[in-house]
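Below is one structure, written out as C-alpha cells; comments come after it.
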Amino acid sequence: MTLDLFAELEQGMGWREELDAGAVVLRRFALPRQAELFAALERITSQAPLRHMVTPGGFRMSVAMSNCGACGWLSDRSGYRYDALDPHSGKPWPPMPQAFLQLAQDAAAAAGFAGFAPDACLINRYEPGTRLSLHQDKDECDLSAPIVSVSLGVPATFLFGGGQRADKCRRVPLAHGDVVVWGGLARLRYHGVLPIKAAQHPATGSHRINLTFRKAR
DNA sequence: TAGTGGCA
DNA sequence: TTTT
C-alpha cells in the first residue's frame, strides 16, 4: 500500500503542504482500504464504545473518544494518561488494525518520519458544534516520535499554533483523507479544532472522525 | 503542576 | 472576532 500512496501523490491526486519545519499536511491522502478502515472502526467501537471523557477540571469533553492499540489515551478527574486497559470494560483496548497501522506508517514516511511505530490510536468523534480547545500532546514518553492525525468525514478547521498557548495559530482546513503529521521541532506545538459546522459526508453522516496515532511508550 | 471546556 |  505504500506504493499506492506514493503513486497517488505523484499522480497529483494528492499533495503535500509544508506547514512549518516538522509539520506537513498530506492532502487527499490515499485511503486505498477505506472500506476496511471503516469496518475496523466499527469493530473497535463495538468493543470499546466512544464515550465522553471528563477533564481533570471536571468538564465533560464534547468530543467522544475511544482507543485502539497497546495503550489508549484517557482523561478523568485524576488526570491525563495512557493506559493499557479500557476503564469502561476493564479489558485491553482492541488491537490496532493492520489497515490503521499501515496508514499511519505510510503517512509518517510520506511526511519525512520513517520508522514510525505507533502503539496508541485515539479515535475522536466530532458532532456538529463540538470542538477541541488548544492543547499540547505531551503525555507521551517518547517525544521523538511524530503525531499522525487522520481526518475522516465532514471537514474541520485545524488550529496549528506555536510553542506557547498565546502564539498565533494557523487555520488549516481539513477534509476527508487529509492527514496532518507533526514532529521534531513541531512536536510540542499547540493545536486544536474549531467547532465543527453542520454538514454531511457519505462515509460518516454528520460526524467528523479523527484518528490520532502516537507512540505513547 | 494543570490540563484537550464553556461562558462572559 | 479574539482573548482570557
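So you know, we letter chains A, B, ... as the sequences are listed, proteins then strands, and number each from 1.
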Residue [X], side-chain heavy atoms: nucleotide from [options] that is nearest:
X	options	result
A:Thr55	B:dG3, C:dT2, B:dG5	B:dG5
A:Lys138	B:dG5, B:dT4, B:dA2	B:dA2
A:Met61	B:dG5, C:dT4, C:dT2	B:dG5
A:His135	C:dT2, B:dG3, B:dT4	B:dT4

(request) Looking at every strand, decide which applies to A:Gly58 at a 4.0 Å heavy-atom threshold: base, sugar-phosphate, or nothing. (result)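 Contact class for A:Gly58: none.
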
(message) Heavy atoms only, 4.0 Å cut-off, all strands: where does A:Asn210 land among base, sugar-phosphate and nothing?
(response)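 If one applies the 4.0 Å heavy-atom cut-off, A:Asn210 turns out to touch nothing in the nucleic acid.
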
(request) Assess whether atom NE2 of A:His88 is packed by more than 12 heavy atoms of other residues, nucleotides or ligands within 6.0 Å. (result)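 Atom NE2 in A:His88 is not crowded, with 12 or fewer foreign heavy atoms closer than 6.0 Å.
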
[N] [atom2] sits how many Å from [X] [atom1], rounded?
X	N	atom1	atom2	result
A:Tyr190	B:dG3	OH	C1'	9 Å
A:Lys168	C:dT2	NZ	P	11 Å
A:Trp73	B:dG3	CH2	P	13 Å
A:Arg60	B:dG3	CZ	C1'	18 Å
A:Glu140	B:dG3	CD	C1'	13 Å
A:Arg165	C:dT4	CZ	P	9 Å
A:Gln136	B:dG3	CD	C1'	10 Å
A:Tyr126	B:dG5	OH	C1'	13 Å

(message) Quick check: any donor-acceptor pair below 3.5 Å linking the side-chain of A:Asp139 to the base of B:dG3?
(response)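 For A:Asp139, whose side chain was compared with the base of B:dG3, there is a donor-acceptor pair (under 3.5 Å).
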
(message) On the nucleotide C:dT2, are OP1 or OP2 found under 4.0 Å from the side-chain N or O atoms that A:Arg171 carries?
(response)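 Result: yes.
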
(message) My understanding is that only one of A:Lys215, A:Arg81, A:Arg187 makes a salt bridge (Lys or Arg N to Asp or Glu O under 4.0 Å) with A:Glu140; could you say which?
(response)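 Of all the options given, the one that passes is A:Arg187.
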
(request) Could you point out which residue of A:Thr212, A:Asn67, A:Asp139 forms a side chain to side chain donor-acceptor pair (under 3.5 Å) with A:Trp73? (result)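 Of all the options given, the one that passes is A:Asp139.
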
(request) Using side chain to side chain contact (heavy atoms under 4.5 Å, CB included) as the criterion, list what pairs up with A:Thr45, not counting sequence neighbours. (result)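 With sequence neighbours excluded, A:Thr45 shows a side chain to side chain contact (heavy atoms under 4.5 Å, CB included) to A:Leu50, given in chain and number order.
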
(message) Quick check on side-chain contact (heavy atoms from CB on, under 4.5 Å): which of A:Asp106, A:Asp178, A:Val150 does A:Phe29 satisfy it with?
(response)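 The passing option is A:Asp106.
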
